[in-house]
**Q** 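Once you've had a glance at the structure underneath, I'll fire off some questions.
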Amino acid sequence: MNQQKQMIFNFNNSYAKLHKVFYHTVLPDNMPQPETLVFNQNLATELELKINNPQQLIDLLNQIPNNKTINPIATAYAGHQFAYFTMLGDGRALLLGEHLTTDHKRFDIQLKGSGRTPYSRGGDGKATLKSMLKEYLFSEALHGLGIPSSRSLAVIATGQTVYRETARQGAVLIRSMEGQIRVGTFEFARYYASTQQLEQLLNYAVKRHYPEIQNGNKAIQLLQSVMSSQIEMLIGWMRTGFVHGVMNTDNTSITGESFDYGPCAFMGIYHPDTFFSSIDQKGRYAFANQPKILKWNLARFAEALLPLIHKNQDHAVKMATETINQFDDCFDQKFQEMMLAKIGIQQPIDGDVELAQDFLRLLKIHRKDFTHSFNYLRLPDFYKNKDFILGAEFVQWLQKWKHRINFNEGKGHAFSIMERYNPFYIPRNYFVEEALNLAVKGDTEKFNSMLQILKMPYWYDSEMDNSLFDPPGFDEHFKTTCGT
Ligand code: AMP
Ligand code: MG
């Protein structure tokens, strides 16, 4: 392999300098007939990768066993899955390396679906093409919506069959993240490693992701910082109707990036109890439960950090509890600001919060589409020919709202806020399914055009009009599986 090919990434690994308890060195499986189905040239450029043809990625992966500059690792983590504690780890993912950009930004480059690891348990370590295309689509969609997310660089069909309920095509996803340390990584350190090792992980996470934390109680400050980042991310989900579907602690990142897109989907018709995951039988991870679940996950994070918060356990618990108790105020304030902005209000006065709540109440009762309803306020004319009306019960609300907007913010100003907070396009479930089902058959045209729209989801493009509206009734019965 020539030098050129090795130089796609500027790897500079730091995680592997942690104690060996935190990872295993593993080689990815050989891909019998690799074919790149999607490649993200924009991301490659952003990350300053030296690549001009996706074939170079395939060559690189195939050469890993002979390439001493690449030392992939599978990382250890545990986690609460649907509230039950389990030892997990990268069962089908490998950290290929940490890529450094010229301005010293560090990105984990990860393979998903690359084969078994010591953490695979009963699994095959593989991924289906459809699920990796879905992860690609959703990660790029969230990024386009302005929500912190892992990014996807490429999906490579491996040419291998993967067996789920039926035989499927296998694939490897290459993704990048600012960091892949999870709440579950700390849980692993707390329950399966020593306190020294837990402290090593804390120091590493602080230095890498929150270097502003220098003095004082590092563990408490990390807890606070992760809480802020995670709330910021969650506000993005709540703003756009995103339901992650598996908010387990192993899927909760320290950096506040959304990742691991399994049975996720965007809500069409507004209802707080909406969930799409077929494995989430009780709706634990339903839309409106997400804040409560995040707080619960952060409490697990706090528990894992206890020995580093204070030597005296009672003190530690008290300090951790005080920090976690700040969650509600912090989230509520941000949520309120965001909901008000969605109806064009940035400088609230008395009655505004109720006005926003009332709107949501009406959407719920009348089963209206979350995304369209907010856009309707600003663009009623656009919806005239689209068979989308808010109906008589909204008239009163609309009058009140119009009066409020004209009174204070001014219509132009309000609309410019609404434009930034309310996307036109979200990946609509019907069209996602259609695009994925065609893509696995080799027809990636719809998939690519969807990706294209989702780069600028706040801009209306009449050519893309048809993917704005799911066929009526589709969402109500839509369920999605991990389809791993
Ligand atoms: P996820 O639900 O994708 O976040 O995965 C939860 C855990 O199951 C992680 O430890 C994964 O690495 C592991 N896992 C998921 N699918 C597989 C698979 N096909 N083979 C091995 N491990 C898997
Ligand atoms: Mg996961």
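For ligands, and for the atoms within them, numbers begin at 1 and follow the listed sequence. Everything quoted here is computed from the prediction, not taken from an experiment. Only this structure's heavy atoms are used, side chains among them; waters, hydrogens and symmetry mates stay out.
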**Q** Got a salt bridge between Asp103 and Lys105, using NZ or NE/NH1/NH2 to carboxylate O under 4.0 Å?
**A**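 Answer for the salt bridge query: yes.
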**Q** Around atom CZ of Phe11, are there more than 12 heavy atoms from other residues, nucleotides or ligands closer than 6.0 Å?
**A**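 Check passes, neighbour count above 12.
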**Q** Taking the six-membered ring of Tyr210, is the NZ or CZ of Lys218 close enough (under 6.0 Å from the centre) and on axis enough (within 45°)?
**A**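 No, cation not above the ring by the 6.0 Å, 45° rule.
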**Q** Counting heavy atoms only, which part of Asp124 comes closer than 4.0 Å to ligand 1: side chain, backbone, both or neither?
**A**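 Near ligand 1, Asp124 shows its backbone as well as its side chain.
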**Q** I'd like to check which ligand 1 atoms, numbered from 1 as shown, lie under 4.0 Å from a non-hydrogen atom of Ser120.
**A**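 Taking each heavy atom of Ser120 in turn, ligand 1 has 21 (C), 22 (N) under 4.0 Å.
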**Q** Any salt bridge linking Lys130 with Glu433? Criterion: basic side-chain nitrogen under 4.0 Å from a carboxylate oxygen.
**A**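 Between Glu433 and Lys130 there is a salt bridge, with a charged N closer than 4.0 Å to a carboxylate O.
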**Q** Identify, by atom number and element, the atoms of ligand 1 in contact range of Arg121, meaning under 4.0 Å from any of its heavy atoms.
**A**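 With Arg121 as reference, the close atoms of ligand 1 come out as 7 (C), 8 (O), 10 (O), 13 (C).
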**Q** Does this structure show an ion pair linking Glu178 with Arg106, if we count only N-O contacts that are shorter than 4.0 Å?
**A**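 Looking at Arg106 together with Glu178, the answer is no, because their closest N to O distance does not fall below 4.0 Å.
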**Q** Atoms of ligand 1 less than 4.0 Å from Asn251 heavy atoms?
**A**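 In order of number, 4 (O).
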**Q** Atoms of ligand 1 less than 4.0 Å from Asp90 heavy atoms?
**A**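 Matching atoms, with element in brackets: 12 (O).
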**Q** For the Mg ion (ligand 2), which protein N/O/S atoms are closer than 2.8 Å?
**A**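 Under 2.8 Å from the Mg ion (ligand 2) - ignoring waters, which are not counted - the protein N, O or S atoms are Asn251 OD1, Asp260 OD2.
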**Q** Counting from 1, what ligand 1 atoms have a heavy atom of Gln81 closer than 4.0 Å?
**A**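 So the answer, numbered in order with elements, is 6 (C).
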**Q** Measure from the ring center of Phe242 to the ring center of Phe266 and say whether it is less than 6.0 Å.
**A**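 Yes, the ring of Phe242 comes within the 6.0 Å limit of the ring of Phe266, centre to centre.
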**Q** What atoms of ligand 1 come within less than 4.0 Å of a heavy atom belonging to Gly123?
**A**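 Those atoms are 20 (N), 21 (C).
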**Q** At a non-hydrogen distance cut-off of under 4.0 Å, which region of Arg164 contacts ligand 1 (side chain, backbone, both, or neither)?
**A**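 Arg164 to ligand 1: side-chain contact only, backbone stays beyond 4.0 Å.
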**Q** Is there at least one pair of N or O atoms, one from Lys112 and one from ligand 1, spaced under 3.5 Å apart?
**A**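 Among all N and O atoms of Lys112, none is under 3.5 Å from an N or O of ligand 1.
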**Q** Say whether Gly89 and ligand 1 are in contact under the criterion: heavy-atom distance to a ligand atom below 4.0 Å.
**A**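 Contact present.
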**Q** Under 4.0 angstrom from ligand 1, any heavy atom of Gly125?
**A**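 Right, Gly125 reaches ligand 1.
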**Q** Is the side chain of Ser139 donor-acceptor paired with the backbone N or O of Glu135 at a distance under 3.5 Å, no angle test?
**A**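 Side chain of Ser139 to backbone of Glu135, a donor-acceptor pair under 3.5 Å: yes, one is there.
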**Q** May I ask you to check if Arg239 and Trp237 form a cation-pi contact, with NZ or CZ under 6.0 angstrom from the six-membered ring centre and within 45° of the axis?
**A**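 Arg239 over Trp237 ring: no.
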**Q** Are the charged groups of Asp260 and Arg175 less than 4.0 angstrom apart, N to O?
**A**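 Yes.
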**Q** Taking only Lys NZ, Arg NE, NH1 and NH2, and the carboxylate oxygens of Asp or Glu, determine whether Glu303 and Arg190 approach each other closer than 4.0 Å.
**A**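 Salt bridge absent between Glu303 and Arg190.
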**Q** Taking non-hydrogen atoms only, is Tyr77 closer than 4.0 angstrom to ligand 1 via side chain, backbone, both or neither?
**A**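 The answer is the side chain.
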**Q** In ligand 1, which numbered atoms sit nearer than 4.0 Å to a non-hydrogen atom of Lys126?
**A**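 Result: 19 (N).
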**Q** Going by the order shown, which atoms of ligand 1 are within less than 4.0 Å of some heavy atom of Asp260?
**A**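 By the 4.0 Å cutoff, the relevant atoms are 4 (O).
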**Q** Using the side-chain contact (heavy atoms from CB on, under 4.5 Å) definition, which of the options Gln452, Met456, Met450 pairs with Leu454?
**A**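 Single side-chain contact (heavy atoms from CB on, under 4.5 Å) partner of Leu454 among Gln452, Met456, Met450: Met450.
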**Q** Is Arg367 paired with Asp475 through a side-chain N to carboxylate O contact shorter than 4.0 Å?
**A**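 No.
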**Q** Tell me whether Asp328 is salt-bridged to Lys292, with the criterion being a basic N under 4.0 Å from an acidic carboxylate O.
**A**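 Salt bridge between Asp328 and Lys292, a charged N being under 4.0 Å from a carboxylate O: no.
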